[in-house]
Structure formats: C-alpha cells, structure tokens
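Residues: numbered from 1 along the sequence shown. All figures in this text were calculated on a predicted structure; none of them were measured in a lab. Atoms within a ligand are numbered from 1 in the order they appear, just like the ligands themselves.
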Amino acid sequence: MNRRKFLYSVAAISTVSAMEPFSKNLKYISNNFERSKNIMAKFELPPLPYSYDALEPYIDKMTMEIHHDKHHAAYVNNLNKAVEGTEMASKSLDDLITNISKYPAAVRNNGGGHWNHSLFWTLMKQNGGGEPTGLLSDAIKSSFGSFGEFKTQFSNAGATRFGSGWAWLVKQNGKLAIGSTPNQDNPLMDIADFKGTPILGLDVWEHAYYLKYQNKRAEYIENWWNVVNWAEASKRFSEAK
Ligand code: MN
C-alpha cells in the first residue's frame, strides 16, 4: 500500500466511525417518531386481506391499489385528525358510528369511510361469487322469493343510488332488507334513513370502478357478483342480532 492509498483508507475508516453515532442517533429519533405517531394514530388502515390483483379481471389491480392505499388511507388519516385531542379519541369506531349525530361532519364522513371500507374488503375474495348456502340462503329466499330476485333488487339499489354511496343488505328486526345510503353513511348510523346490521355492502362511488368501467356502473355491479365472499356474509348474518 503506498502512502496515498493508506491515507485514503484512514480517511474512509474515520468517516465511517465518525458517522456511526450520528446515524444511530438518527435511527433512534426516527424510531421514536414512528412510535409517537402510532400512539396518536388511534385508528389504523387494515391491510387488504388478499393481493391487489386478486379480484382481476372483475376489479383491476390499479383500482384496488388506489382505493385501499389512497382513499381508505385518507379516511383513516382524516378520522385520526378529527378525533385527536378530543373525547372522541377514547371511543371505539362502532361507538362513534352508532351515535354519529353527536359528532362533527368530519367524523361522519371519515369514520363512515373507514368503517365501510374495512367491511368491504372482507366481503370480496379471489374466486368468490356463486350463491350463499345454509341460513343466509334460506333467509334470502324467504325475504325476496329467490336468489335471482335478491340479486336484481340489490343491483338496482346500487345502480339507482344518485351520486356517491353504498348499497346494503342488512338484518333488520330478524329479517333481511335491501337499501342504500349516501356518501359514507351506513345503516348503523343513528341518522340513517335506512337502518340495520350490514351483511353485504357495495361501494358505488365512482372511485370504486371508474378506471375500468368509466360511466358503466351497472356493468361494475354485474361483475362484482363474481368476487362476493359469501362465507363472510354468512358469518355476519349468523352473528348479527
Ligand atoms: Mn370507496
């Protein structure tokens, strides 16, 4: 090793060791920042229970990425901002939703958005579709006559919801009913015109289908039946009061 190379090596070593405490410190600061952010962030974005492309070709990968990572994430972030430092931060999401008339519009919109989307992801799956079995199948037949008639009425509730909103199948006084709500409202909200325990929910906001279907909401709804997770809907039906 000549003198020039030797000096370079010494310089390199001393740069690394001089940097080390600093970088450790930075890491400590950023870990602590992450932790304090998590403490403040009461509500969290649940991970999608399948890959972004799992619902292809009916719901495309890019729609799922934007819908979950941007739209749902924004509802969660804005809900956290709205409750931070208030007595609402000590409430569960269900408590906020069921007493929503007491709370500000930001909690109604973003809390509803968080609740609705958290449910929506679980009600779909790869290779879903078909028909429910067991108690839910019996209840659908006794409430609507046939599975086909139920599908027609539910699809119609989604297609005719003006502007943005959701179509729902709910359990209401022990029976099934179909309806819809505007914006991010849902049938658990005390202010809702249509009430009940959601068994099935369909997002008919344009952001749910516009990239693939543009203005053709009816076509999105028709294809959505191919990804419905009936096992999850049946479980919700059995557990609903
Ligand atoms: Mn949505």
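Inspection of the environment of the Mn ion (ligand 1) yields the following protein N, O or S atoms under 2.8 Å: His67 NE2, His117 NE2, Asp203 OD2, His207 NE2.
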Verify side chain to side chain donor-acceptor pair (under 3.5 Å) between Trp224 and Ser155, making sure each step is shown before the conclusion.
CA-CA 10 Å; Trp224 176 75; Ser155 294; over 6 Å; no
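In this structure, a donor-acceptor pair under 3.5 Å is absent between the side chains of Asn183 and Trp166. Residues Trp168 and Thr181 bring a donor and an acceptor atom of their side chains to less than 3.5 Å of each other. For the residue pair Tyr103 and Arg108, no side-chain donor N or O sits within less than 3.5 Å of a side-chain acceptor on the partner.
Between His67 and Trp205, a ring centre-to-centre spacing not shorter than 6.0 Å is recorded.
Among pairs with a residue in residues 51-68, those fulfilling salt bridge (charged side-chain N to carboxylate O under 4.0 Å, His left out) read Lys61-Glu65, at least two apart in sequence or across chains.
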